[in-house]
Amino acid sequence: MQTDDAYHLDRLARRVDGPGPTYVVDPASDNWLSAAQGSGRVMLSALDEWEHDTSVIFPPALLDWDLLRISLPVSGGNMRVQYKRPGGTGYPVAPGMQLAFWVPGMVGVAAEWRFYFLSPSGASLLSVGSGNAKSDRPFIATVPEGAAYAVPVMWFGRTFVDLPLSGAVLREARPEDLTARAAKRQVFSANMQAGTGPITDYTAAAGVTLSVNAGKAMLTSTGAAGAAVSFGGAKSFAVTPGEIVNLTHAVPATNTSTLVWADSSGTVVGQSRDTSISRVPPGAAYVWPKVEIGAVATATAIGAASLEITSGPDVPPGEGTRPYSVTGYSVTPVPGRVRERDVSLELVEVME
């Protein structure tokens with residue numbers, strides 16, 4: 001055992017930094033986070049395993065094992081969710097350890113992953129982040145000197161409504177974390193992306209008229225109730241439940257965007273209204289993006305658009321950290337080895 005490790009154990013056993021209990025992490029664990037954090041579902045109706053800024057809206061209460069659906073209706077300021085260790089503020093770490101954290105299913109909306117490192121007393125030491133360019137992969141960071149706890153954080157980069165929070169993973173970094181990536185694909189045709197014809201790439205409804213002028217897809221609208229333009233048809237864009245669908249567009253006079261979900265036969269099975277980004281629900285095999293619009297008297301370009309679909313690897317179940325009380329501690333000199341000691345620490349799990 002390294003000298004610093006022995007010193008740390010001694011402080012724990014003697015309760016120098018607090019009365020306890022002591023939370024223990026198994027370094028071999030696939031996911032240090034709790035079962036709720038690792039799945040994005042609420043257990044025991046508790047939401048206190050996450051801490052979030054006021055701009056991020058959490059539901060007031062949920063039933064056990066419900067999906068945790070969150071919203072960020074307005075962009076600006078701090079837009080983050082922190083993963084708290086149940087029973088404390090951070091996950092126990094040691095200086096020099098390399099940590100890996102990400103939420104693969106949130107790659108489409110997350111701007112970056114971040115760690116807040118804390119001292120043994122809980123004071124802030126350092127904040128480090130992945131940066132936007134690397135939000136499609138695990139964030140790997142080295143625990144700095146003096147740190148005893150780490151708080152993993154997800155910063156958002158865009159608004160969304162009623163989006164299920166997917167499972168997260170925190171652990172000591174492994175070789176596979178260096179190469180893990182979320183997959184992202186663009187499913188709009190080159191013409192749709194550029195906003196050019198043919199108009200058969202679009203579907204009009206309720207007083208919307210489509211045309212092509214100088215190679216650009218155009219529309220007019222009477223502004224009637226239900227006026228809308230849709231991209232493609234009910235079976236144009238295949239999806240898989242759990243993926244993130246992200247629509248961006250420049251359709252004029254937009255009132256709201258809706259993602260319509262259809263099953264394998266093309267039958268509509270649901271929709272995500274008032275949002276351009278959502279997670280594919282169970283039973284959906286296709287997405288049909290629709291934009292409801294107001295009046296457009298003069299033929300106007302539909303504009304450029306994008307439909308990106310993001311999927312991440314499966315997240316291992318959260319194993320959590322359990323609280324223990326130190327019930328026995330001894331340090332015994334090793335015969336013939338002046339600088340070495342046998343250290344024994346006895347722990348008993350504390351029921352919370």
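As a basis for the values below, the full set of heavy atoms in this structure was taken, side chains included, without hydrogen atoms, waters or symmetry mates.
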Check for me, please, whether Val343 and Val326 land in the same ILVMFWY cluster - side-chain distances under 4.5 Å, paths through other members count. yes

Side chain to side chain, Pro252 and Leu219, heavy atoms closer than 4.5 Å: yes

With side-chain hydrogen bond (donor to acceptor under 3.5 Å, both in side chains) as the rule and sequence neighbours excluded, what pairs involving residues 214-243 come up? Arg185-Glu243

Say whether, by atom type as modelled, one donor and one acceptor occur between the side chain of Asn31 and the main chain of Ala168 under 3.5 angstrom. yes

Taking side chain as C-beta onward, heavy atoms only, is Glu346 less than 4.5 Å from Tyr329? no

Could you check if a side-chain atom of Arg85 sits within less than 4.5 angstrom of a side-chain atom of Trp32, using non-hydrogen atoms only? no

Are side-chain heavy atoms of Pro59 and Leu68 found at a separation under 4.5 Å? yes

Could Asp177 and Arg171 be called an ion pair, given the rule that one side-chain N must be under 4.0 Å from one carboxylate O? yes

Separation of Ile70 CD1 from Leu165 CG (nearest 0.5 Å): 5.0 Å

Check for me, please, whether Val268 and Phe237 land in the same ILVMFWY cluster - side-chain distances under 4.5 Å, paths through other members count. no

Does some side-chain heavy atom of Lys134 sit less than 4.5 Å from a side-chain heavy atom of Glu112? no

List the atom of Ala147, the atom of Pro95, and the distance in Å for their closest heavy-atom pair. O-CD, 3.7 Å

Would you please test Asp162 and Phe160 for side-chain contact (heavy atoms from CB on, under 4.5 Å) and show each step? CA-CA 7 Å; Asp162 199 31; Phe160 54 87; over 6 Å; no

Closest non-hydrogen atom pair, Leu347 against Thr327: N-OG1, 4.2 Å

Hydrophobic cluster identity match, Val269 and Leu259, side-chain contacts under 4.5 Å: yes

Before you tell me yes or no, could you show the steps for Ile199 and Asp201 under side-chain contact (heavy atoms from CB on, under 4.5 Å), namely the whole-Å CA-CA distance, both residues' side-chain angles and the distance that decides it to 0.1 Å? CA-CA 5 Å; Ile199 58 173; Asp201 282 347; over 6 Å; no

Shortest non-hydrogen contact from Ser127 to Arg114? OG-NH1, 2.7 Å

Side-chain touch Trp113/Met154, heavy atoms, less than 4.5 angstrom: yes

Can you tell whether the side chains of Glu172 and Arg174 come within less than 4.0 Å, N to carboxylate O? no

NE2 of His52 to CG of Leu72: how many Å apart, nearest 0.5 Å? 11.5 Å

Scan Asn246, Thr248, Val239, Val287 and name whichever one has a side chain to side chain contact (heavy atoms under 4.5 Å, CB included) with Leu307. Val287

Please say yes or no: joined through hydrophobic side-chain contacts below 4.5 Å, possibly via intermediate residues, are Val109 and Val107 part of one cluster? yes

Atom pair CG (Leu33) and CD (Glu319), whose distance is rounded to the nearest 0.5 Å: 10.5 Å

Hey, mind stepping through Phe117 and Val143 against side-chain contact (heavy atoms from CB on, under 4.5 Å) and telling me if it holds? CA-CA 7 Å; Phe117 290 111; Val143 179; 3.8 Å; yes

Quick one: side-chain hydrogen bond (donor to acceptor under 3.5 Å, both in side chains) pairs with a partner in residues 267-294, sequence neighbours left out? Arg158-Ser276, Thr256-Asp274, Trp261-Ser272, Ser265-Thr267, Ser272-Ser278, Arg273-Glu292

Does Tyr83 reach the side chain of Val153, with side-chain heavy atoms less than 4.5 Å apart? no

Phe139: which of Trp155, Trp102, Phe115 passes ring-ring contact (aromatic ring centres under 6.0 Å, His included): Phe115

Reported OG-to-CG distance for the pair Ser29 and Leu170, which is rounded to 0.5 angstrom: 9.0 Å

To the nearest 0.5 Å, how far apart are NZ in Lys184 and CD1 in Ile244? 11.0 Å

Could you tell me whether the side chain of Thr203 and the main chain of Gly232 form a donor-acceptor pair under 3.5 Å? yes

Closest non-hydrogen atom pair between Gly90 and Val151, with its separation: CA-CG2, 3.8 Å

Tyr202/Val251 under side-chain contact (heavy atoms from CB on, under 4.5 Å): CA gap, chis, key distance, verdict: CA-CA 12 Å; Tyr202 307 92; Val251 176; over 6 Å; no

Reported OH-to-CG distance for the pair Tyr116 and Leu125, which is rounded to 0.5 angstrom: 14.0 Å

Do Tyr149 and Tyr91 come within less than 4.5 Å of each other through their side chains, counting heavy atoms only? no

Can a donor-acceptor pair be found, under 3.5 Å and without considering hydrogens, that links the side chain of Ser55 to the backbone of Ser75? no

What pairs of donor and acceptor atoms, side-chain ones from residues 295-306 against any protein atom, are under 3.5 angstrom apart with sequence neighbours left out?
| from | atom 1 | to | atom 2 | distance (Å) |
| --- | --- | --- | --- | --- |
| Thr300 | OG1 | Thr298 | O | 2.7 |
| Ser306 | OG | Gln186 | NE2 | 2.7 |

Closest non-hydrogen contact found for Gly167 with Val103 is O-CG1, 3.3 Å

For Ala148 and Ser119, work out which heavy atoms get closest and say how close. CB-C, 4.0 Å

Do you reckon Leu247 sits in the same ILVMFWY cluster as Val187, going by side-chain contacts under 4.5 Å, direct or chained? yes

